[in-house]
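For reference, the structure discussed in these notes is given below.
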Amino acid sequence: MEPEARARLRTARTEAKLSVRELSRRVGISPSMLSQIENGHCEPSVATLYALVSELSISFDQLLAGPGVEHGPGPLPTHPSPLVTPDKRAVLVMDSGVTWERLTPDSDPIVDALLVTYPPGSSSSTNGGLMSHHGREYGFLMSGRLTLRLGFESYSLEPGSSISFDSAVPHLYVNESDEPASGLWHVVAGGGASGTEGPIPTWRPLDAQQEGRM
């Protein structure tokens, strides 16, 4: 995670009037792990990050806000540029090396559009636990190979393969090959959720408690 994203995470926690100990208890990790995440000494897993933004009622767009997209007092720009060049993408790097690059110039109220890269041997969860969340997920693999464990089923994605499924079904992505896997992922908000902002309203990582014991 970039230092700015860590600072936003810490700010969201303090604004919610939550101590490190209380927030870590709620998301199922140790206080020392949360402190290390905030201070840049370790990277969160995908599942831990989902749990944190859900508990703090913030969106990934808010956490990923890149240079020039955080607006101070005064009117917001009425015509932001629709172009996002590679050097301007907001980026999140997880503990296993999984990388998310946001493809939209700013917060999108409907969808999270991401370029996702899984290095060899990486997965969306540190300990292999499945997770679920609101919304619907769409993916297109451009290079490499990726395994999706969806409920009781397992699917192998190759370049050109696409997937779509209800994100409430527990799932896990794993790169079991010896080359990086990259693809375009879109998560579209589901209806009926409330209490959070952004396109991914509430995340429910199923492995958070186990991860906290590591």
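Everything quoted here is computed from the prediction, not taken from an experiment.
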*Please state whether the rings of Trp185 and Tyr173 are parallel, tilted or perpendicular, taking 30° and 60° as the class boundaries.*
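Trp185 vs Tyr173 ring planes: perpendicular.
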Flag, side chain of [X] to backbone of [Y], donor-acceptor distance under 3.5 Å:
| X | Y | answer |
| --- | --- | --- |
| Ser96 | Ser123 | yes |
| Thr48 | Pro44 | no |
| Thr14 | Arg10 | yes |
| Asn175 | Ser122 | no |
| Thr11 | Arg8 | no |
| Asn39 | His41 | no |

*Salt-bridge criterion met for Arg6 and Glu43 (N-O under 4.0 Å)*: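 Between Glu43 and Arg6 there is a salt bridge, with a charged N closer than 4.0 Å to a carboxylate O.
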*Would you call Arg149 and Glu176 a salt bridge, using N to O less than 4.0 angstrom?*
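Yes.
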*Take Arg145 and Leu157 through the side-chain contact (heavy atoms from CB on, under 4.5 Å) test and state the conclusion after the steps.*
CA-CA 6 Å; Arg145 284 171 171 74; Leu157 282 70; over 6 Å; no
*Report yes or no: do Ser30 and Ser32 form a side-chain donor-acceptor pair below 3.5 Å?*
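Their side chains do contain a donor-acceptor pair, which is all the 3.5 Å distance test asks for.
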*Taking only residues two or more places apart in sequence, or in another chain, which ones meet Ser156 in a side-chain hydrogen bond (donor to acceptor under 3.5 Å, both in side chains)?*
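Ser156 satisfies side-chain hydrogen bond (donor to acceptor under 3.5 Å, both in side chains) with no residue once adjacent residues are dropped.
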*With sequence neighbours excluded, what pairs up with Ala168 under the side-chain contact (heavy atoms from CB on, under 4.5 Å) test?*
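Scan of Ala168 (side-chain contact (heavy atoms from CB on, under 4.5 Å), adjacent residues dropped) gives Asp166.
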*Applying side-chain contact (heavy atoms from CB on, under 4.5 Å), name anything that partners Ser19, two or more places apart in sequence or on another chain.*
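Listed in chain order: Arg21, Glu22.
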Is any side-chain heavy atom of [X] closer than 4.5 Å to a side-chain heavy atom of [Y]?
| X | Y | answer |
| --- | --- | --- |
| Glu101 | Thr99 | yes |
| Leu23 | Leu34 | yes |
| Leu92 | Arg102 | no |
| Ser182 | Ser143 | yes |
| Leu114 | Val187 | no |

*asked:* Less than 6.0 angstrom separating the ring centers of Trp100 and Tyr118, yes or no?
replied: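 No - the distance between ring centres of Trp100 and Tyr118 does not fall below the 6.0 Å cut-off.
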*asked:* Please determine whether residues Leu18 and Met33 belong to a single hydrophobic cluster, defined as Ile, Leu, Val, Met, Phe, Trp and Tyr linked transitively by side-chain heavy-atom distances below 4.5 Å.
replied: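 Leu18 clusters together with Met33.
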*asked:* side-chain contact (heavy atoms from CB on, under 4.5 Å), that's the test. Do Leu148 and Ile163 meet it? Break it down for me.
replied: CA-CA 9 Å; Leu148 168 65; Ile163 55 167; 3.9 Å; yes
*Output the distance between atom CZ (Arg136) and atom NE2 (His186), rounded to the nearest 0.5 Å.*
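Result: 14.5 Å between the selected atoms.
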